[in-house]
Asker: 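One structure, pasted below without further comment.
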Amino acid sequence: MSARNILVINCGSSSLKFALISQAHSSPLISGLADRLGSAEASLAWWHGGSIRKQLALPGAGHTEALERVLPLVDEACGGTLHGIGHRVVHGGEHFTQAALIDAATLAAIQATVPLAPLHNPAHLLGIEAAMRLYPQLPHIAVFDTAFHQSMPEHAFRYAIPEHLYREHSVRRYGFHGTSHRYVSLRAAQLCGLAAGDSSWLTAHLGNGCSTCAVVDGQSRDTSMGLTPLEGLVMGSRSGDVDPNLHGHLARSLGWSLEEIERLLNSESGLLGLSGLSNDMRSLEQARQRGHRAATLAIEVFCYRLAKSLAALACALPRLDGLVFTGGIGENSALVRAKSVGYLGLLGLAIDKTANARCIGGVTGSIHTAGSPRILVVPTNEEKQIAEDTLALLDAREGR
Ligand code: ADP
């Protein structure tokens, strides 16, 4: 069978990312980003084979107009041979335990999950509907961030609150970044010559959003994010775990509204809130070098909380085959890796300084000392995983 091509689409409320993944190439044939959609500043930028960059102003364009511009670029890049479209969808609730062909029932189920992801799922639906109008002849597949974590046992996904809130209102832990945790744990097993179905990993996805995961035999057994992506680690601008009573405390003592408290915890906290400087780890590392006290503290809190989460998730593992770092921070910050692993001596983990310094800028590798469980840096590739899930579902449908 000849190599097949899958277009991967990831829609936000005012953005649209795309990547054309070919089975015959390791990097996308073309990838790009349309942002500020719906405004006069809307624009589209794209890259061929990861290098040449082009840009186009699209004043006033929405998702459909942006996709109309993307379509000929994609057709040109794959010679008109597109086999399917994989759509990233953040929340699949309990309904989706794996990727799903998008039909009327799937659309209704994604719609039903909107209350759980009020910012993300409506944007995904906009993108899906625009793409289905423009490519009606192609199969469209939804790949969910939450699906990988549906294998968590009930003792890991339930909150200690009355059961009716779970049964009647779906209040439970879901977890996110599933596509990334799945991809890097599969890659780690492959790199180490282990069978994914008989392996045991801790994974840390550290980007603007951050989460950890315990992956056993290819399945998520626990993860740090919960009902929403706010739970767990310190992130770029999200607080991660705080005392749940903080909400009531701020409301009573400062008279803050729900919207103000949610904005504080989601957009003004994390690295940004602690440092008062930036949500970007690169900027904080530079400020730390200059002796900036609050930036230094932000990095310390980030690393300690990361280590604490990893140690807690070790409870879900029968043994530890390795710890995997990924995401912009995990793939590039030797400092964060060294500091967080420094707290994990009780798990026997220890970092090799030279190897740690070498694994940056997309380099895959092992960074542990002899005698330590494996510590790996594995660049994530969510688009590739979405394309692979899309192809697997198409194969299953066609009985291949
Ligand atoms: P997103 O979650 O938006 O996909 P990324 O995975 O690209 O984000 O991660 C963004 C984070 O990675 C930012 O905090 C950024 O500062 C950090 N990062 C990128 N390169 C480096 C680097 N060389 N050193 C430290 N942090 C880096």
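Ligands are counted one by one from 1 in listed order, and the atoms in each one are counted from 1 as well.
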Asker: What protein heavy atom sits nearest atom 17 (C) of ligand 1, and how far off is it?
Answerer: Ile329 CG1, 3.6 Å

Asker: Nearest protein heavy-atom contact for atom 20 (N) of ligand 1: which residue, which atom, what distance?
Answerer: Asn332 ND2, 3.5 Å

Asker: Below 30° counts as parallel, above 60° as perpendicular, anything between as tilted: where do the rings of His205 and His181 land?
Answerer: perpendicular

Asker: Give the residue and atom name of whichever protein heavy atom lies nearest to atom 16 (O) of ligand 1, and the separation in Å to one decimal.
Answerer: Asp280 OD1, 2.5 Å

Asker: Could you check whether Asp222 pairs with Arg173 (Lys NZ or Arg NE/NH1/NH2 to Asp/Glu carboxylate O, under 4.0 Å)?
Answerer: yes

Asker: Does an N or O from His205, backbone or side chain, lie closer than 3.5 Å to an N or O of ligand 1?
Answerer: no

Asker: Please state which protein non-hydrogen atom is closest to atom 14 (O) of ligand 1 and give its distance, to 0.1 Å?
Answerer: Met281 N, 3.0 Å

Asker: Does atom 12 (O) of ligand 1 have a protein heavy-atom neighbour under 4.0 Å away?
Answerer: yes

Asker: Report the C-alpha distance between Tyr174 and Phe157 in whole Å, list the side-chain angles of each, state the deciding distance to 0.1 Å, and finish with yes or no for ring pair (Phe, Tyr, Trp, His ring centres under 6.0 Å).
Answerer: CA-CA 7 Å; Tyr174 291 93; Phe157 75 68; 8.2 Å; no

Asker: Give me the nearest non-hydrogen protein atom to atom 7 (O) of ligand 1 as residue plus atom name, then the distance to 0.1 Å.
Answerer: Gly328 CA, 4.2 Å

Asker: Using a cut-off of 6.0 Å, state whether more than 12 heavy atoms not belonging to Tyr343 lie near its atom OH.
Answerer: yes

Asker: Using a strict threshold of under 4.0 Å (side-chain N to carboxylate O), is an ion pair present between Lys17 and Asp35?
Answerer: no

Asker: Determine, considering heavy atoms only, which of Arg282, Glu331, Gln286, His177 sits nearest to atom 24 (N) of ligand 1.
Answerer: Arg282

Asker: Please determine whether the number of non-hydrogen atoms from other residues, nucleotides or ligands lying under 6.0 Å from atom CZ of Arg69 exceeds 12.
Answerer: no

Asker: At under 4.0 Å between heavy atoms, is it the side chain or the backbone of Glu285 that contacts ligand 1, or both, or neither?
Answerer: side chain

Asker: Which protein non-hydrogen atom lies closest to atom 2 (O) of ligand 1, naming both residue and atom, and how far is it?
Answerer: Asn208 N, 2.9 Å

Asker: Taking side chain to side chain contact (heavy atoms under 4.5 Å, CB included) as the criterion, tell me which of Leu376, Val341, Thr203 meets it with Leu323.
Answerer: Val341

